[in-house]
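Note on naming: letters A, B, ... go to the chains in the order of the sequence lines (proteins, then strands), and numbering restarts at 1 for each one. None of the values given here were measured: they were computed from a predicted structure.
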There are 2 protein chains.
Amino acid sequence: MPDTQDLDRRKAAILEAVVTEYIGTAQPVGSHHVARAAGINVSSATIRSEMVALEREGYLVQPHTSAGRVPTDKGYRFFVDQLAEPGVLGPAQRHKVSRFFEQVHGEMEELLERTSGLLSDLTSYASVVVPPSHDAAVVRSVQLVGLGARVALLVAVLADGAVEKRAIELPEEVPDEVLAVASGRLQAAAQGHPLGSVHIAEPSGDAAVDRVVSLAESALGDLAGEAHDRIFVGGPSRLAAAFDAVDTVRAVLATLEQQLVVVSLLRDVLERGLSVAIGTEHGYEPLSACAVVVAPVSVDGQLGGAVGLVGPTRMNYPQALAAARVVGEQLGDRLRATLDAGSSARPVRETRPRRRARGRR
Amino acid sequence: MPDTQDLDRRKAAILEAVVTEYIGTAQPVGSHHVARAAGINVSSATIRSEMVALEREGYLVQPHTSAGRVPTDKGYRFFVDQLAEPGVLGPAQRHKVSRFFEQVHGEMEELLERTSGLLSDLTSYASVVVPPSHDAAVVRSVQLVGLGARVALLVAVLADGAVEKRAIELPEEVPDEVLAVASGRLQAAAQGHPLGSVHIAEPSGDAAVDRVVSLAESALGDLAGEAHDRIFVGGPSRLAAAFDAVDTVRAVLATLEQQLVVVSLLRDVLERGLSVAIGTEHGYEPLSACAVVVAPVSVDGQLGGAVGLVGPTRMNYPQALAAARVVGEQLGDRLRATLDAGSSARPVRETRPRRRARGRR
DNA sequence: CTTGGCACTCGGTAAAATCGAGTGCCAGAG
DNA sequence: CTCTGGCACTCGATTTTACCGAGTGCCAAG
């Protein structure tokens, strides 16, 4: 157990015991239980006085006088930052993950959907997968398809298996022939280039075509810049199992339904350099009963996407962190592997570099 | 109030009163409350004896002696079939629907996603949208994109704004050039034809190409035959509000996560000619506390899709039925409107035919 | 057949009693 | 000064008891 900064060794050990026990039982933890815990060799009386201190410092609370202690958000935070063992997946879980990524193939949307299912399965918490932007993905094909009189659909197929589409509102009625020409010009300009760096060379001479092309070009830019327009939520029913107050369940589910909120939540957390947001740390009131574990999904160092887990604050942090990290990494690798497949020179597939990101906080 | 087949007028009126009251209050209904209800002009004593009969016949139950009565599934069923007023949407809701369908545009997936949100908003129940098959939709474009060494992605863009994709496992490594040729042949054979009736004319002479094409063709057939591969669930958090037992919530959510189950549930219900399945009528045990309201989404008479609502058995059936029907119809109309847009001759857009399907049961 | 009256039931709520895990404090030992 | 065992005390959870009243079934009179 490492020496810690704001808590002496014994207090830390006690805090750890309380958190561990509480995570397991969901019952307030009394001094006796702590005394019985491994690595604690003092009497319950001593522990009591230490607990008073821990409570004064904000790491623990009593639900009421003469009850055991429960960790506060601050308590969990200390646990996560200073105490928790790095956490590894069990062999069964590890196997599940590797088999999953061996076996899954091809299409992006399905990959992401199933990844979120995997993550939720591994941990029994609700999971969220936010795909990275397609900025660097090579365009295989772009086309415009007319829908209504003044609506066209822009469809881009990327080398990583993603198919992105966006409806474009046309300012005027555009004949199919014009769309076809515009589509061709787009295709010529985009194919083989990363989505983020598509530029149309020069005007065609036909004003109508050019208007459409420029609209489509900016839509393409949107596709590149924005995150994928969809997030993937896995196992929401796990939430119902994790909380017993039906109100809490409702509030959390309602929040997860708002994709934008979830995306910015994860982004915020990552930007603050955290991998866990506990209780109110993220500032989203309806999720104050939850902890959110986040791991980045980076493709070639370019971060963008994220995977997340949402559970009660008394979640199994080591396991959740391990699962999120592993799945995030693997997903990133997977996306990178297919990113530029199909560009003229197929790159050598190196044996996956196991960059073991082991840095706390 | 119509004369009924198995229940005399008065019993029916009493049953109706019980159901209505119970739907509103979720409390067992006593004879006094019924006596006070509109249209009932007998004393509570009379009602009591009638209720005994209704209970013997299985329309009502007492949670315990000396409590009021609660409708059974059979009771709800009678209510829905014989008693409930047709049910209309309020002007505000009606307005919401029409504004929604005016304003939404273009892309299929978003349309469906938002439709399920709409339905859930209108009713405060969880909603399900199962899109119809694309059988009749005209193909605008088909292509094959190479992903991994032996995986290709088949992408079809349909005139109705849908983009369907499917990964194809190739039996052997296929060079990009072959894929391109195959892609071209597919495109030539499919473009302008309904997805369901694409046939490749004749072999190309190149065996490798032909193998790929035939794989792709059968994949295309799958896309046409199967329902859309995704269903859209709206407002699952509403379920948490509708039930107070957290276990029930979990079970129902878990069921809704299994897309296949939901699809066949809706299909079963529709095939039996019902628009409501109450409690155990559908045979899916975890949903025995729920009622499921279903309305077909038919495009040009060709049925296929469905919209559904999932709520507690004590749901507001008239309103739910009305909402599901209207949204189902409108969605069908919308899909039909764009179905063949873009085929050589754009059809005249008739003012939407308000075929008012008013047939009970 | 209907109805008012009446005795009876029984779940839900409230008040009272009990239990026990857990606390804070303290005096004595190390 | 720290640790520990002992002890009185607290207070939520659980059980017990009491009570209320909505609601029932039955019946005799209209």
Residues pairing under side-chain hydrogen bond (donor to acceptor under 3.5 Å, both in side chains) where one sits in residues 50-65 of chain B, two or more places apart or in two chains, turn out to be B:Arg10-B:Glu50, B:Glu55-B:Arg69

From [atom1] of [X] over to [atom2] of [N], roughly how many Å is that when rounded to an integer?
X	N	atom1	atom2	result
B:Arg56	D:dG25	CZ	P	11 Å
A:Asn41	D:dG5	CG	P	13 Å
A:Ile40	D:dT4	CD1	C1'	16 Å
B:Ile47	D:dA22	CD1	C1'	15 Å
A:Lys11	D:dT2	NZ	P	11 Å
A:Glu50	D:dT4	CD	C1'	14 Å

Under the rule for side-chain hydrogen bond (donor to acceptor under 3.5 Å, both in side chains), what residues qualify as partners of [X], not counting sequence neighbours?
X	answer
A:Glu257	B:Ser237
A:Thr123	none
A:Thr46	A:Ser43

Rounded to 10°, the angle between the first-five-pair and last-five-pair axes of the helix from C:dC1-D:dG30 to C:dG30-D:dC1 is 20°

Residue pairs meeting ring pair (Phe, Tyr, Trp, His ring centres under 6.0 Å), one or both in residues 15-42 of chain B, sequence neighbours left out, come to none

Comparing B:His64 with B:Ser44, nearest DNA chain C nucleotide closer to 5' gives the residue B:Ser44

For nucleotides 18-23 of chain C, list the nitrogen or oxygen atoms of the protein found under 3.5 Å from its nitrogen or oxygen atoms, one pair per line.
residue	atom	partner	partner atom	Å
C:dG22	O3'	A:Ala67	O	3.4
C:dT23	OP1	A:Arg69	NH1	3.2
C:dT23	OP2	A:Ser31	N	3.3
C:dT23	OP2	A:Ser31	OG	2.7

Ignoring backbone atoms, test whether B:Thr46 places a side-chain nitrogen or oxygen under 4.0 Å from the OP1 or OP2 oxygen of C:dT3.
yes

Which pairs would a plain distance check flag for residues 276-293 of chain A, meaning a side-chain donor or acceptor within less than 3.5 Å of a matching protein atom at least two apart in sequence or in another chain?
residue	atom	partner	partner atom	Å
A:Glu281	OE1	A:Arg77	NH2	2.6
A:Glu281	OE1	A:Ile278	N	2.9
A:Glu281	OE2	A:Arg77	NE	3.1
A:His282	ND1	A:Tyr284	N	3.0
A:His282	NE2	A:Gly279	O	2.9
A:Tyr284	OH	A:Asp268	OD2	3.4
A:Ser288	OG	A:Glu285	O	3.0

Of all heavy-atom pairs linking A:Leu309 and A:Tyr125, the shortest is CD2-CB, 4.3 Å

Quiz prompt | Closest contact, heavy atoms only, A:Ala323 versus A:Leu119 | solution =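 So the minimum-distance heavy-atom pair works out to O-CD1, 3.8 Å.
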
Side chain to side chain contact (heavy atoms under 4.5 Å, CB included) involving A:Ser120 - partner list, sequence neighbours excluded |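 If we apply the side chain to side chain contact (heavy atoms under 4.5 Å, CB included) test to A:Ser120, skipping adjacent residues, the hits are A:Ser127, A:Arg238.
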
